[in-house]
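Here is how names work: the chains are called A, B, and so on, in the same order as the sequence lines, proteins then strands, and each is numbered from 1. Just so you know, these numbers use all the heavy atoms, side chains as well, and skip hydrogens, waters and symmetry mates.
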Amino acid sequence: MEAPIAELKNVSKNYQAENVTVAALQNIDFRLNPGDMVAFVGPSGSGKTTMLNLLGCLDKATSGEVSVCQVNVAGADHNQLAELRNREIGFIFQSYNLIPVLTAFENVEFPLILQGVKDPRERRERVEAALAEVGIRELQDRRPSYMSGGQQQRVAIARALVKKPVFVLADEPTANLDSKTGEEILKIMRKMNEEKGVVFVFSTHDRMVMKYARRLVGLRDGEIVSDGGNGV
Amino acid sequence: MSTLKLAFRNILRNRRRSLLTALSASVAVLVLVVATGFIGGVETDSVKSYLTTRTAHIKVYAAGYPYNDESLPLDQALSPAQQSRLVDAGRDVGRAVGRPIGRTVSGLKMAPRLLFSASLIKDGEELMALGAGVDPQADPAVLEAPGRLARRLTDPRGILVGSDLARLLHLKAGDTVTASFRTRPGAIYADDFTILGLVDSGNPEVDSNYFFISLGAAQDYLEMPGGATEWDIRLERPDDLSRVETALQKKLGPEFQVVSWRKQLADVLSFFDLRRKVFVIINAALFLMAVIIVANTMLMTVYERFKEIGTLMALGMKRRQILELFAAEGSLLGLLGGLAGVLIGAALIRYFSTHGVDTSGIRNRGMDINVPIKGKLYAELATYFYFVAVAVSGAVAGLAAMWPARKAAGLEPSEALRRN
Ligand SMILES: Nc1ncnc2c1ncn2[C@@H]1O[C@H](COP(=O)(O)OP(=O)(O)O)[C@@H](O)[C@H]1O
Ligand SMILES: [Mg+2]
């Protein structure tokens, strides 16, 4: 068996909110494998975002062991985690989260600058290729406020993919889009997965979205209740 | 996309808020520049006025002579023997410090004065005045009041009167006036004198108190042959001040007191100092307001941009870089605001350094503005100060942004992303 891209062993995550401890995740064991196209599915509050935050090194587990790209997250400091996110992990958000003062081009270029890619020609080539891949090269000089939700999410996908990450996390990537646009976004992700082997992890509670995953992990009240191939 | 460029675009997001915030820095910097310009200009012109009309660079008195009060005692004058020692010492020191300047080798010029209390009486009106016996030849080389007019003092019954003093007594050149004073032995002497000219030195202290008479005549009337209460010294190079002061005092010994203009004007200089301190406090309050406004704006910005901060962290921005971004935004507000303040300030200084501000209106209403300058007040500011002012503004605003910036940088990425 290949080494996992990320692995959670007996992981729990609690939140402390006004003297009440909320168990967002309990005793989770999970492996993210090369080639995966996995969806966390479950109702609101079931722990999907928490799961993705742990995989994305945006948060640390309360107990258990999280390793991402062979890095033990608990033992890493915030600079190391920032670097890990920058180099290995792509992020796609429900509300796109583009930087409003940057054009589409600059948004996609941003992670490369953070990576220290110095040569502007190299950056330009990579950004233009990423934008072309999601089909919006002609919008590269627009700022987010001059783009539709679907267009913004495509920019976000380009921004996640331009750095050739080991895996991409997408938290309810279609929740703010109409179903047709949402499906186009999913098709792009699926295509990237099939053609380039990009590993995607997304979360959703939408049945339509689930069919684009190859592996479905069911979450309920912070526990994994099912994990298997997508039979749909 | 450099941090600075990103910061610049971010401050353009909410233009009105940024403008108002930057404006607070503009006001602080504008006040800093204009007030410093006027304070500097007034100090320079004041010192120049004192130097040329009253204090010279150095004065030498007999030990114990109370040069700081208005008693002007004649029994503590310099004797002729002391004066010749003084002249010799001056020549030696002058030679020691002198550099060839044209054909003059000596570094200093000296002139004796005999100061005495008197009153001027005209048509039953009597005003206290300060009589100064001056050497018509030597004095103009040292002081500008009476300056060249001193050459008119050939007649022992002729005097020059300060223009304001003359005005108060309704006197003009050619009029006669009665002068009354006590001689050295203690007799009261009163006689009529002809006004040979009016002295308009620009220093109100001189123009409203002094009248001038030839030294020889003064010595005769006061019955002090060869006497002088002080010798005034003008240096070719003002930088030699402390060297000459110490050298002279050392040569002359304890029978004399050598007093530089700095010592003579100690009260004035400490007033300058106090004025600057008061201004610093007022200006610091303005900068503090700017700090509060910048901090408030940046704090609002941070709260509005929680999710964006989370995104930047997800993309791999480090805490230090987030801190730099927000500090840069605050700094830019201060720099741009400061720049605007400096530009307006520089325009004002430029205008007032040539046109000046007329203070005669204030004076005519009888207000004392504590400045030995009768005409206009001119501003003066070294160019480097503008750069300092902008830099201070940027640094202060950057510091003001530190607290909000630290708040931004200290967020947990997952927390920041959850907010809206
Ligand atoms: N920062 C937090 N503080 C307190 N409770 C939280 C926090 N984040 C998540 N939770 C709680 O943890 C549980 C799981 O949340 P989440 O992972 O966001 O679920 P989902 O994404 O599936 O809707 C929920 O009950 C939620 O209220
Ligand atoms: Mg969620």
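If you measure heavy-atom distances from A/Arg87 to chain B, you find no contacts under 4.5 Å at all. At a 4.5 Å heavy-atom cutoff, the contact between A/Asn97 and chain B is made by backbone and side-chain atoms alike. Only the side chain of A/Lys163 has a heavy atom closer than 4.5 Å to any heavy atom of chain B.
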Trace of the side-chain contact (heavy atoms from CB on, under 4.5 Å) decision for B/Leu315 with A/Phe91: CA-CA 7 Å; B/Leu315 293 177; A/Phe91 290 90; 5.6 Å; no
Intermediate values then yes/no, side-chain contact (heavy atoms from CB on, under 4.5 Å), B/Lys318 and A/Glu83: CA-CA 8 Å; B/Lys318 293 180 179 155; A/Glu83 223 150 277; 2.4 Å; yes
Evaluation steps, side-chain contact (heavy atoms from CB on, under 4.5 Å), between B/Leu417 and A/Asp171: CA-CA 11 Å; B/Leu417 278 165; A/Asp171 195 4; over 6 Å; no
A/Asn53 vs B/Glu415, side-chain contact (heavy atoms from CB on, under 4.5 Å): CA-CA, chis, key distance, verdict: CA-CA 10 Å; A/Asn53 281 348; B/Glu415 272 299 302; over 6 Å; no
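By the 4.5 Å heavy-atom criterion applied to side chains, A/Leu114 and B/Gln321 are counted as neighbours. Residues A/Phe110 and B/Met317 are in side-chain contact: their nearest non-hydrogen atoms beyond the backbone lie under 4.5 Å apart.
Between the CG atom of B/Leu6 and the CD1 atom of A/Ile99 there is a distance of 7.5 Å, given to the nearest 0.5 Å. Distance CZ/B/Arg418 to OG1/A/Thr50: 8.0 Å, rounded to 0.5 Å.
Few gaps surround CZ on B/Phe279; more than 12 heavy atoms of other groups in view lie less than 6.0 Å from it. Residue B/Met289 qualifies as open at atom CE: its count of foreign heavy atoms under 6.0 Å is 12 or below. Within 6.0 Å of CZ on B/Arg350 lie no more than 12 heavy atoms contributed by other residues, nucleotides or ligands. Within 6.0 Å of the CG atom in A/Asp221, the count of heavy atoms belonging to other residues, nucleotides or ligands does not exceed 12. Other residues, nucleotides and ligands place no more than 12 heavy atoms under 6.0 Å from the CZ atom of B/Arg406. Heavy atoms from other residues, nucleotides or ligands lying under 6.0 Å from OH of A/Tyr15 number more than 12.
With chain B as the partner, the residue from A/Ala160, A/Pro111, A/Pro100, A/Cys57 showing the most heavy-atom pairs under 4.5 Å is A/Pro100. Between chain B and the options A/Arg143, A/Lys60, A/Gln115, the largest number of non-hydrogen pairs under 4.5 Å is found for A/Arg143.
A donor-acceptor pair is defined here as one N or O able to donate and one able to accept, closer than 3.5 Å; no such pair exists between the side chain of B/Arg319 and the backbone of A/His78. At distances below 3.5 Å, at least one donor-acceptor pair connects side-chain atoms of B/Arg9 with backbone N or O atoms of A/Val101.
Minimum heavy-atom separation, A/Asn86 to B/Gly316: CB-CA, 3.6 Å. Annotation for A/Arg85 and B/Ala314: closest pair CB-O, 3.4 Å, computed over non-hydrogen atoms.
Using a 3.5 Å distance cut-off with no hydrogens or angles, the side chains of B/Ser414 and A/Asp59 do pair a donor with an acceptor.
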